[in-house]
Number of protein chains: 2
Amino acid sequence: MADGIVERSRPRDRILETARDMFHKHGIKGVGVDAITEAAGTNKMTLYRHFESKDELIVECLRANAAKAGAMWEAFEAEFPGDKLAQLHAWVRKAAAMLNADGRGCDMANAAAELTEPDHPARLVIKELKEAQRARLVTLCRDAGIGQAELLADTLSLLFEGARVSVQTVGTEGPSTQFVRMAEGLIVSFRGAAAG
Amino acid sequence: MADGIVERSRPRDRILETARDMFHKHGIKGVGVDAITEAAGTNKMTLYRHFESKDELIVECLRANAAKAGAMWEAFEAEFPGDKLAQLHAWVRKAAAMLNADGRGCDMANAAAELTEPDHPARLVIKELKEAQRARLVTLCRDAGIGQAELLADTLSLLFEGARVSVQTVGTEGPSTQFVRMAEGLIVSFRGAAAG
DNA sequence: CTAGGGTGTTACCGGTCTGTAACTTCCAGA
DNA sequence: TCTGGAAGTTACAGACCGGTAACACCCTAG
């Protein structure tokens, strides 16, 4: 249970953490603000004093997710300082671990599936954050000395993204079981190809 | 506009087609039964005479989608009778075309993102239909003479699935532009490896 | 012509949703 | 101790949701 969130911290933080957790588990349209505030040990008025609408809360949750993902990249650098290839392998292991964490896919992808209005504020930040993540993976591949860094980064991205939705549709026993094998094979293959 | 659906056909068919279209465009929780029946040129009572609940309508829509996808496979066989490798390349082309068709991802994946209750009837048919599609692609790869048919089929599946969600999050100008290149490269690579 | 089933129409039920108003309580800092 | 702002409480507005009841209609098969 995520009740640890309800312990004494500021209401805004509790709301944000609880909303992230509930949006992740039940989807955005599957959770009402009443349920969020109750689970966060507060009430609706307090939510609307800190967030001007549910949509803004959604956006803040997505940004918080991205911040947590950013911390992951820093952890790679801390664990393998300067060794970009090791960091790339660490990314693969981390990605595989996320596949088995729970049956839910990427929060941003799920949000994009739910929020279909083309000008929804969340869609802008999703695009922005996904592009930032892609840029980060491209940089990592390039710094690891891989020739076609963009192509490898994009391939790994699509494989991971696909594996996450595969887990969500057919479970952890489907094609996603081969993710590590595919990813490692690709890295080997791209490293074998001449750089340039 | 999908108004052609509203032309004279039986109410049940119009409802099914309209619901498929609207679920695809706006998501499942984003469309109410009233909106569906109105767009289908009928009314709510008629819907509930043909479908016992919205959930059952959802399931029928997913099955109809799968049926349409099944017709696609038959088209491949009709176009390249017996030439399984050509059919595999046709699948790649078809997949790429779907990426650029509209900004929405796979209906089953989107439904799985929205319907989070573990025992929702739609989740069962999604798993069933996705597994059937996977089996079909594996068979095609095997019949095309590829050694590690399961691994290639799974890799292509994940790439395609990932490309669809990528289109939904960052648009058609993102990593999905490389899909054909990745897929064709994989096929070449797997054909190069010894069969067995 | 007639009977009956499929369809359309209207109204409604109970519930849930986002968002707001008005008021009370609490607590920290001066 | 006093005060001001943050937080809690209750009630409500207005809209929408899935689903149902009761009744009128129309068109086709016999």
Side-chain angles (χ1 to χ4, degrees), chain A residues 3 5-23 25-62 110-111 113-117 119-123, chain B residues 3 5-23 25-62 110-111 113-117 119-123:
Chain A
D3 287 335
I5 294 167
V6 186
E7 68 190 23
R8 280 315 106 190
S9 58
R10 282 139 118 199
R12 187 182 196 280
D13 298 334
R14 281 180 291 158
I15 290 169
L16 203 54
E17 282 304 296
T18 308
R20 281 212 311 141
D21 182 62
M22 296 183 76
F23 286 155
K25 285 180 184 158
H26 311 296
I28 289 174
K29 299 200 179 179
V31 177
V33 292
D34 270 316
I36 294 171
T37 54
E38 185 187 338
T42 177
N43 55 73
K44 195 157 49 170
M45 272 313 302
T46 300
L47 187 154
Y48 280 103
R49 286 188 190 108
H50 289 287
F51 305 93
E52 75 169 8
S53 66
K54 185 185 181 181
D55 282 348
E56 193 194 278
L57 175 61
I58 294 166
V59 168
E60 291 305 310
C61 285
L62 293 173
N110 287 345
E114 285 197 80
L115 309 174
T116 64
E117 307 102 279
D119 55 348
H120 192 289
R123 298 198 70 87
Chain B
D3 287 335
I5 294 167
V6 185
E7 71 190 20
R8 279 317 102 188
S9 57
R10 282 139 120 199
R12 187 181 194 280
D13 298 334
R14 281 180 290 158
I15 290 169
L16 203 54
E17 282 305 296
T18 308
R20 280 211 314 140
D21 183 61
M22 296 183 76
F23 285 156
K25 285 180 185 157
H26 310 296
I28 289 174
K29 299 201 180 178
V31 178
V33 292
D34 270 316
I36 293 170
T37 53
E38 186 188 337
T42 177
N43 55 73
K44 196 156 49 167
M45 272 313 303
T46 300
L47 186 154
Y48 281 103
R49 286 189 190 108
H50 289 288
F51 305 93
E52 75 169 8
S53 66
K54 184 185 181 182
D55 282 347
E56 193 194 277
L57 175 61
I58 294 166
V59 167
E60 291 305 311
C61 285
L62 293 173
N110 287 346
E114 285 198 78
L115 309 174
T116 64
E117 306 102 280
D119 56 346
H120 192 290
R123 299 198 69 87

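In the text below, chain A, chain B and the rest are named by the order of the sequence lines, each starting its count at 1. Everything numeric in this text was worked out from a predicted model, so none of it was measured.
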Student: Considering only D:dG18, C:dA22, C:dG8, which nucleotide approaches the side chain of A:R49 most closely?
Tutor: C:dA22
Student: Could you check how far CD1 of B:I58 sits from C1' of D:dG19, rounded to whole Å?
Tutor: 14 Å
Student: Testing the 3.5 Å rule here: is there a donor-acceptor pair between the side chains of A:D21 and A:T18?
Tutor: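 Not at all, the side chains of A:D21 and A:T18 share no donor-acceptor pair under 3.5 Å.
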Student: Calculate the interatomic distance between B:I36 atom CD1 and D:dC16 atom C1'; express it in whole Å.
Tutor: 14 Å
Student: A:T46 side chain N/O closer than 4.0 Å to the phosphate oxygens (OP1, OP2) of D:dG8?
Tutor: yes
Student: Tell me the closest heavy-atom pair linking B:A113 and B:T116, and the distance in Å.
Tutor: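 That would be O-CG2, 3.8 Å.
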Student: Nearest to the side chain of A:S53 - D:dG19, C:dG19, C:dT18?
Tutor: C:dG19
Student: Over how many whole Å does the gap from B:D34 atom CG to C:dC17 atom C1' extend?
Tutor: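 It is 16 Å, rounded to the nearest whole Å.
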Student: Taking N and O atoms by type only, does the side chain of B:R10 place a donor or acceptor under 3.5 Å from a partner on the base of C:dG6?
Tutor: no
Student: Is it true that, when you exclude B:E117 itself, more than 12 heavy atoms of the residues, nucleotides or ligands shown sit nearer than 6.0 Å to its CD?
Tutor: yes
Student: Starting the side chain at C-beta, find the nucleotide from D:dG19, C:dT18, C:dG8 nearest to B:N43.
Tutor: C:dG8
Student: Which sits closer to the 5' end of DNA chain C, A:M45 or B:P11, going by the nucleotide each is nearest to?
Tutor: B:P11
Student: If you pin A:V31 and B:R12 to their nearest nucleotides in DNA chain C, which one's is more 5'?
Tutor: B:R12
Student: Is the phosphate of C:dG6 approached by B:H50 (side-chain N or O, under 4.0 Å from OP1 or OP2)?
Tutor: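 Checking C:dG6 against B:H50, no side-chain N or O comes under 4.0 Å of OP1 or OP2.
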Student: Quick one: B:Y48 OH to C:dG8 P, roughly how many Å, whole number?
Tutor: 16 Å
Student: Could you give the distance from CD1 (A:I28) to CD1 (A:I58), rounded to the nearest 0.5 Å?
Tutor: 4.5 Å
Student: Quick check for you: among C:dG19, C:dT10, D:dG19, whose closest atom lies nearest to any side-chain atom of A:K44?
Tutor: C:dG19
Student: Could you state the atom-to-atom distance from CG of B:D55 to P of D:dC17 in whole Å?
Tutor: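 In whole Å, D:dC17 P and B:D55 CG are 15 Å from each other.
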Student: Is the shortest heavy-atom distance from the side chain of B:T46 to the side chain of B:T37 under 4.5 Å?
Tutor: no
Student: In whole Å, what is the span from the NZ atom of B:K54 to the P atom of D:dT20?
Tutor: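 Whole-Å distance recorded here is 15 Å.
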Student: Please give, in whole Å, the distance from C:dT16 C1' to B:K29 NZ?
Tutor: 12 Å
Student: What is the distance, to the nearest angstrom, from the CZ atom on A:R14 to the P atom on D:dA7?
Tutor: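 About 9 Å, once rounded to whole Å.
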Student: Strictly below 4.0 Å: does A:T42 bring a side-chain N or O up to OP1 or OP2 of D:dG8?
Tutor: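 Indeed, a polar side-chain atom of A:T42 lies that close.
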